[in-house]
Asks: 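One structure, pasted below without further comment.
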Amino acid sequence: MLQISFFREQPERLRAGLKKRQFTAEQIEVLLNKVLELDDKRKAAQLINDEAAAEVNNLSREVGVLMKSGKKGQAEALKPQVAAAKERVKVASAVMAEATAALEEQLLPLPNLPHDLVVYGTSADQNEVFRPWEKSLPKPPVVSGMAPSNHWDLGEKYNLFDLKLGVKLTGAGFPVYRGKGAKLQRALINFFLDQAQKAGYEEVQPPLLVNEASARGTGQIPDKEGQMYHVTKDDLYLIPTAEVPITNIMRDTITKEFDLPLRMTGYTPCFRREAGSYGAHVRGLNRVHQFDKVEIVQFVHPDHSYKILMDMLDHVCLLMKKLELPYRILRLCSGDMGSAAAMTYDFEAWSGAQQRWLEVSSVSNFETFQSNRMKARYRDSHNKVHLLHTLNGSALALPRIMACLLENNNTAEGIHIPKALHKYLDFTVIN
RNA sequence: GGUGAAAUGGGUGAGCGGUUUAAACCACCAGUUUGCUAAACUGACGUACGGGAAACUGUACCGAGGGUUCGAAUCCCUCUUUCACCGCCA
C-alpha cells in the first residue's frame, strides 16, 4: 500500500509513477484530491474527537473526586456535561472511522510506484533485455532417427514425471514426479537451499497455508485473490509462493537497524490456480498448478535495497551458471510488473526443444509497499521507527528448470546432468 | 474433540472500579565514575494518529470485539490464542 506521506510530500513522484501504471492524468488528479480531502477530513474529526474525549476524562476525574469528598450533588450536576461530551466523541469518531475506511478503500487497490529506471509499457513485449545471452543457444536436439524431444516427451520416455497420472489423482497441472525425475527434483531443492545458505540466508520451513492477514500483507489480496486456492472451511489460503509466509514473518514487528539486512530462504511447494490460462504454451511442465520453488527474501534498510537487489540478481546468475543453462535477464516494464513491485527482474532460461525463453525466476524490490501493509519496521540509531524495504526472488522455480535441463542436455546416450548436481544424485545420466 | 487455567510494554511481572499519568525488576540506549573488562550510580526508555516552529502536548491501545458505568487493565458477554490434563493421532 502506498504511504499517505507520498500524497502530501511527493505528488510529482506519485503522478509519474501512476502514469507509468496506465492511470490517466485526470484519474490521478481525482485520486490525489480525494485522498488529501479524506485525510484532512480524518484529521479534523480527530481534533474534535480528542478534545471531547479529553473533556470526558477530565470531568470523570472530577466526578470521582467529588464523590469521594461526599459532594454527591455536585457530582450529579456534572453528569449531563459528560453525556454531551460523549455524544460529541461518538459523532466525531464515526466520521473518523468513515474517513479512514474510505481512505483505505482508495489506497488499497493502488499499485506500487515503479522505479525511475522502469520503462513505460503495457505488455510483456516491452520488457527491456537487461542482460542478454551472448553465446550461442542450444539447438533442438536432433538425435538420429528421433523427433526433437520436448521435455514432456523426455519425461514420458524416461519415466521422470507423469501428467496423466496427476490428472487421475487430482486434475490437470498436478504432475507426479517419479524415479530419476523425483530424485532430480530433490537434488535441485537441496542444491538451491545449500547455495542460499552459502550466500547468508537463514533457512526456514514456513506453513503452506496462510491466513487472510498474511495474504493481504504481501499484496496477494486484493490484487491476486483469484490466483490462490482458498480453503473456505477454515478460511485459509494455500500459498502461491513462499514469499507470502516468509515475508509475513516480519509483519507487525520492529527490528533494530543494526540487525538489517535479514535474509531468509525457504523451499515450499507453490499452488496457483492459473485461472484462464490454457493453450500451447502451458504444455508439460511449462505451467502447472503445483510446483516446487526455493525462495530468497530480504528485509533491508531503504538506503541499500537497490544494491541488494543486484546482489540477489548475482545470486540467481550463479545458480544458472552452475546449472550450465543459457539465460537472459529482463527488466520488466511498468505494465508487466506485479502491482506490489517497484522493480522486477525476470530470469529466462533457454528451452532448446521449444526454442523459446522460459521464465524461471523473478526478483523484485517492493520498497515500502509490503512493509507499509505489514507494518514491518526498523528502529534507527536515534530510536526513530521507519518502514523497511522488502525484496524477494525465486532461486529457483523447479519445473521450467527441469524442462530446460532435460531438453538442453539431451543426447543420443541420454540426458546429462550438470556437474553441480552430481553430489546430490547417484547418477549423472538419465538413460 | 472434552475439562480447567491464563493472556498486561522488548522480557519477567504487580495491579482486579477513581493520584495508575500502568509499579518493580531485567534488557536496551545515553551519561558519570573507572588502567581495560566488569561493576556501581544517574537519566532516558512503547506504538499509532493528531496539535505545535519547537520545547511540549492531546487521544487511543493491558489478546480481539462488544456491553455496563460519570469513570474499566479491573465487572459482564462473545471470539481468538496459549498452557495443563483427558481423548485421538504421524
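Just so it is clear: chains get the letters A, B, ... in the order the sequence lines come, proteins before strands, and each one is counted from 1. A quick note: this is a predicted structure, and the numbers were derived from the prediction, not measured.
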Asks: Side-chain N or O of A/K86 less than 4.0 angstrom from OP1 or OP2 on B/rG71?
Replies: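 Result: yes.
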
Asks: Please check: side-chain N/O of A/H151 versus main-chain N/O of A/L285, any donor-acceptor pairing under 3.5 Å?
Replies: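 Yes, because the side chain of A/H151 sits within donor-acceptor range (under 3.5 Å) of the backbone of A/L285.
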
Asks: Any side-chain N or O of A/R42 less than 4.0 Å from the OP1 or OP2 oxygen of B/rG50?
Replies: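 Yes, within the criterion.
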
Asks: Categorize A/L47 for me: base, sugar-phosphate, or nothing, with a 4.0 angstrom heavy-atom threshold over every strand shown.
Replies: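 Sugar-phosphate only.
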
Asks: Test side chain to side chain donor-acceptor pair (under 3.5 Å) on A/H230 and A/D235 and set out the steps.
Replies: CA-CA 7 Å; A/H230 187 188; A/D235 200 17; 2.7 Å; yes

Asks: I want to check a possible cation-pi pair here: A/K322 against A/F191, using under 6.0 Å from ring centre and within 45° of the ring axis as the test.
Replies: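 The answer is no, since A/K322 fails at least one limit relative to A/F191.
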
Asks: Which of the following nucleotides, B/rU59, B/rC49, B/rG18, is nearest to the side chain of A/V63?
Replies: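 Nearest nucleotide to the side chain: B/rG18.
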
Asks: Does B/rU59 have its OP1 or OP2 closer than 4.0 Å to a side-chain nitrogen or oxygen of A/N57?
Replies: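 Answer yes for this pair, as a side-chain N or O of A/N57 is under 4.0 Å from OP1 or OP2.
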
Asks: My understanding is that a pair needs two contacts under 3.5 Å, Watson-Crick or G-U wobble. By that rule, which nucleotide pairs with B/rG71?
Replies: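 Pairing partner, where one exists within any strand: none, as none qualifies.
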
Asks: In whole angstrom, what separates A/F258's CZ from B/rG10's C1'?
Replies: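 My rounded result for the distance is 17 Å.
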
Asks: Using the P atom as the point on both nucleotides, what is the distance between B/rA30 and B/rU37, in whole Å?
Replies: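 That atom pair is separated by 14 Å.
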
Asks: Taking A/F299 as the fixed residue, which of A/I308, A/N392, A/T247, A/T255 is the one that meets the side chain to side chain contact (heavy atoms under 4.5 Å, CB included) rule?
Replies: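 Result for side chain to side chain contact (heavy atoms under 4.5 Å, CB included) with A/F299: A/T247.
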
Asks: What integer distance in Å separates A/N211:CG from B/rC79:C1'?
Replies: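 Interatomic distance, CG of A/N211 to C1' of B/rC79: 16 Å.
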
Asks: Which nucleotide in the list B/rG51, B/rU47, B/rU59 gets nearest to the side chain of A/R377?
Replies: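 Selected nucleotide: B/rU47.
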
Asks: Quick one: A/N58 CG to B/rU19 P, roughly how many Å, whole number?
Replies: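 For the pair A/N58 CG and B/rU19 P, the rounded distance is 13 Å.
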
Asks: Nearest nucleotide by nearest heavy atom, which residue falls closer to the 5' end of RNA chain B, A/K43 or A/R61?
Replies: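 Here A/R61 is the residue nearer the 5' end.
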
Asks: In whole angstrom, give me the gap between the C1' atoms of B/rC61 and B/rA55.
Replies: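 Their C1' atoms lie roughly 26 Å apart.
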
Asks: To the nearest Å, give me how far apart NZ (A/K90) and P (B/rC70) are.
Replies: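 After rounding, the reported distance stands at 15 Å.
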
Asks: From NZ of A/K256 over to C1' of B/rA27, roughly how many Å is that when rounded to an integer?
Replies: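 After rounding, the gap between these two atoms is 8 Å.
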
Asks: Which value, in whole Å, describes the distance between the P atoms of nucleotides B/rG9 and B/rU74?
Replies: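 The same atom, P, in both gives a distance of 15 Å.
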
Asks: CE of A/M96 versus P of B/rC49: gap in Å, rounded?
Replies: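 The distance from CE of A/M96 to P of B/rC49 comes to 12 Å, rounded to the nearest Å.
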
Asks: Check this for me: does any side-chain nitrogen of one of A/D194 and A/K198 sit under 4.0 Å from a carboxylate oxygen of the other?
Replies: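 Salt bridge between A/D194 and A/K198, a charged N being under 4.0 Å from a carboxylate O: no.
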
Asks: If the P atom of B/rC56 is compared with that of B/rA44, how far apart are they to the nearest Å?
Replies: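 Their P atoms lie roughly 11 Å apart.
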
Asks: With a 3.5 Å limit on both atom pairs, tell me what B/rA30 is paired to, counting Watson-Crick and G-U wobble, or say none.
Replies: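 For B/rA30, the partner nucleotide comes out as B/rU42, under the 3.5 Å rule.
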
Asks: Write down the partner of B/rC56 under the Watson-Crick or G-U wobble criteria, each distance required to be under 3.5 Å.
Replies: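 With both distances under 3.5 Å, B/rC56 matches B/rG51.
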
Asks: Which base sits across from B/rG1 as a Watson-Crick or G-U pair, both distances under 3.5 Å?
Replies: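 With both distances under 3.5 Å, B/rG1 matches B/rC86.
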
Asks: Between A/N211 and A/S214 (side chain of the first, backbone of the second, donor and acceptor by atom type, cut-off under 3.5 Å), is there such a pair?
Replies: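 Yes: the side chain of A/N211 pairs with the backbone of A/S214.
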
Asks: Rounded to the nearest 0.5 Å, what separation is found between the CG atom of A/L169 and the CZ atom of A/F174?
Replies: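 That separation rounds to 11.0 Å.
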
Asks: How far, in whole Å, is B/rG17 from B/rC28 if one measures between their C1' atoms?
Replies: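 Going atom to atom, C1' in each nucleotide, I get 35 Å.
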
Asks: Pick the P atom in B/rA6 and in B/rA48, then give their distance to the nearest Å.
Replies: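 Pairwise P distance, B/rA6 against B/rA48, rounds to 32 Å.
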
Asks: How is A/V56 classified with respect to the nucleic acid when contacts are heavy atoms under 4.0 Å: base, sugar-phosphate, or nothing?
Replies: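 Touches nothing.
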
Asks: May I have the distance from A/D235 (atom CG) to B/rC79 (atom P), rounded to whole angstrom?
Replies: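 From A/D235 CG to B/rC79 P: 18 Å.
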
Asks: Nearest to the side chain of A/I254, which nucleotide is it out of B/rG50, B/rU47, B/rC70?
Replies: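 It is B/rU47.
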
Asks: In whole Å, what separates the P atom of B/rU81 from that of B/rC16?
Replies: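 Those two atoms are separated by 30 Å.
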
Asks: Which nucleotide in the list B/rG50, B/rC70, B/rA60 gets nearest to the side chain of A/A53?
Replies: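 Closest nucleotide to the A/A53 side chain: B/rA60.
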
Asks: Could you tell me which nucleotide pairs with B/rC25 by Watson-Crick or G-U wobble geometry, both distances under 3.5 Å, or answer none if nothing does?
Replies: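 Here B/rC25 is engaged in a pair, and the nucleotide opposite it is B/rG11.
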
Asks: Rounding to an integer number of Å, can you tell me how far A/E62 CD sits from B/rG18 C1'?
Replies: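 Value for this atom pair: 13 Å.
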
Asks: Could you check which of B/rA48, B/rU59, B/rG18 has an atom nearest any side-chain atom of A/V385?
Replies: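 The listed nucleotide nearest to A/V385's side chain is B/rA48.
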
Asks: Which base, if any, makes a Watson-Crick or G-U wobble pair with B/rA64, both distances under 3.5 Å?
Replies: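 B/rA64 is paired with B/rU78.
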
Asks: Taking 4.0 angstrom as the limit, do A/K419 and A/E324 come out as a salt bridge?
Replies: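 Between A/E324 and A/K419 there is no salt bridge, as every charged N stays at least 4.0 Å from the carboxylate O atoms.
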
Asks: Please tell me if A/R379 has a side-chain N or O lying less than 4.0 Å from either OP1 or OP2 of B/rU47.
Replies: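 Yes, A/R379 has a side-chain N/O under 4.0 Å of OP1/OP2 on B/rU47.
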
Asks: For atom P, what is the distance between B/rG63 and B/rA14, given to the nearest Å?
Replies: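 Pairwise P distance, B/rG63 against B/rA14, rounds to 14 Å.
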
Asks: How would you label the contact of A/K79 with the nucleic acid (heavy atoms, under 4.0 Å): base, sugar-phosphate, or nothing?
Replies: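 Result for A/K79 = base.
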
